Amino acid sequence: MSMSESALRWHEAAVELAHWAVKTAATGDRDPANATTKAHPVDWVTSVDQAVERHVRQELVARFPDHQVVGEEYGATARPAGGAPAVTWYLDPIDGTTNYVHGVPWVAFSLAAADERGAVVGVVADVHRGEVFSAIRGGGSFRNGEPIRYPGSVSLAGGVVLTEWSREKPWPAMYRCFSRLADRSVATRIMGSCALALATVAAGRAAGALLPGHYNAWDVMAGVLIAREAGAAVYDHDGPSPDTPLAGLLVAAPALVEELWHVWVSE
């Protein structure tokens, strides 16, 4: 089977699992009284996070036994017999669990498959809107199965740039960047899900997403691929990036990315 045929199979499986996850999360128990916390009081985990991750892991291992799965809640599955996995899946069952337990409608499911060249398939599902964004490397991006192409923006003024805290704290020079963006008449929003911020850029609903803090592959890999395949530019702190930057990233319209990058990195 060719890589393109394999990628189509992986994409089909990821989209199917995303739809299942949306239905499960939409009807699951999100009561804070029944949830617990991990590293700190706003690092929430619910039975829905755990149930979604267990199901998705089981399905992926059953369908693709030579693959490995790395999830936020349960870590990595055992390496397949014979050595390194052909593909590694990165899974965040509920990206935005703090929002989820408090009823804030900005919550996502995120799943990406990566080979030795990087992300191959990515899916980000908006639990409350019921939208499933997906992408195949070299094959474009989709919303609910329909191709999308980021229309881009020609001016930052009047636009929205999305960002997120770094482990619930400001990332370096965060407030300086906010001030510079405000001087350019740009609105900044912190919504609570990296994956959904990146998919929102791909959908053309934001000028860019600036994420210079600490994030994991399961937070951003799927969203970066979806934005890139939709036509957005991807930068790390040093400039254009062909990969999924994990030490700070910027995704934006090609016409705006240089200006946003200078806002980010200039002293």
Side-chain angles (χ1 to χ4, degrees), residues 17-18 20-61 68-78 88-112 122-131 162-175 178 188-200 209-224 244-249:
L17 291 167
W20 177 89
V22 165
K23 292 178 182 177
T24 301
T27 58
D29 181 7
R30 65 186 69 194
D31 187 343
N34 298 327
T36 59
T37 58
K38 296 181 287 187
H40 48 73
V42 290
D43 188 13
W44 290 91
V45 61
T46 70
S47 60
V48 180
D49 294 75
Q50 295 166 339
V52 169
E53 180 159 331
R54 285 195 301 268
H55 175 80
V56 172
R57 290 161 73 95
Q58 291 166 1
E59 286 293 313
L60 291 173
V61 169
Q68 188 174 36
V69 183
V70 179
E72 180 178 15
E73 304 305 332
Y74 296 109
T77 59
T88 300
W89 294 83
Y90 294 93
L91 165 64
D92 193 343
I94 299 286
D95 185 37
T97 305
T98 300
N99 286 349
Y100 185 67
V101 298
H102 294 296
V104 178
W106 186 266
V107 177
F109 167 86
S110 180
L111 180 64
V123 173
V124 172
D126 184 330
V127 169
H128 288 85
R129 290 191 184 200
E131 291 182 319
L162 301 171
T163 190
E164 292 297 336
W165 301 106
S166 176
R167 290 177 170 169
E168 310 306 324
K169 295 182 179 180
W171 37 265
M174 185 174 186
Y175 300 124
F178 283 8
T188 309
R189 297 289 183 267
I190 302 174
M191 305 295 286
S193 166
C194 294
L196 203 47
L198 293 162
T200 297
L210 178 58
L211 302 170
H214 175 86
Y215 309 103
N216 298 291
W218 57 70
D219 296 315
V220 297
M221 183 176 285
V224 166
T244 302
L246 295 179
L249 70 92

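Just so you know, these numbers come straight off a predicted model, no measurement behind them.
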Non-hydrogen atoms of [X] and [Y] that approach each other most closely:
X	Y	result
Gly248	Pro245	O-CB, 3.4 Å
Val22	Val127	CG1-O, 3.9 Å
Thr163	Pro212	OG1-CD, 4.3 Å
Ala76	Val70	CB-CG2, 4.0 Å
Phe109	Ala21	CD1-CB, 3.5 Å
Ala222	Ala112	N-CB, 3.7 Å

task: Evaluate the ring planes of His55 and Trp20, with Trp represented by its six-membered ring, and classify them as parallel (under 30°), tilted (30 to 60°) or perpendicular (over 60°).
output: parallel
Do side-chain atoms of [X] reach the backbone of [Y] as a donor and acceptor pair under 3.5 angstrom?
X	Y	value
Tyr100	Ala25	yes
Ser110	Asp219	no
Thr88	Gln68	no
Asn216	Tyr90	no
Ser193	Trp106	no
Arg30	Thr46	no
Asp95	Cys194	yes
Thr98	Val42	yes

I'd like to check [X] versus [Y] (side-chain heavy atoms, cut-off strictly below 4.5 Å). Are they in contact?
X	Y	value
Leu249	Tyr215	no
Leu91	Leu60	no
Glu59	Leu17	yes

- prompt: Which residues satisfy the salt bridge (charged side-chain N to carboxylate O under 4.0 Å, His left out) test with Glu73, sequence neighbours excluded?
  reply: Lys38
- prompt: Passes side-chain contact (heavy atoms from CB on, under 4.5 Å), Leu198 versus Val124? Steps please.
  reply: CA-CA 9 Å; Leu198 293 162; Val124 172; over 6 Å; no
task: Take Asp126 and Leu196 through the test side-chain contact (heavy atoms from CB on, under 4.5 Å) and record every step on the way to the result.
output: CA-CA 7 Å; Asp126 184 330; Leu196 203 47; 3.9 Å; yes
- request: Hey, could you give me each pair passing salt bridge (Lys or Arg N to Asp or Glu O under 4.0 Å) that has a residue in residues 40-53? Not counting sequence neighbours.
  value: Glu53-Arg57
- prompt: Applying salt bridge (Lys or Arg N to Asp or Glu O under 4.0 Å), which residue pairs with at least one partner in residues 163-173 are found, sequence neighbours left out?
  reply: none
Worked verdict on Met174 versus Ile190 for side-chain contact (heavy atoms from CB on, under 4.5 Å): CA-CA 12 Å; Met174 185 174 186; Ile190 302 174; 3.4 Å; yes
Atom pair [atom1] ([X]) and [atom2] ([Y]), whose distance is rounded to the nearest 0.5 Å:
X	Y	atom1	atom2	result
Ile94	Glu72	CD1	CD	10.0 Å
Thr36	Trp44	OG1	CH2	8.5 Å
Thr77	Trp89	OG1	CH2	12.0 Å

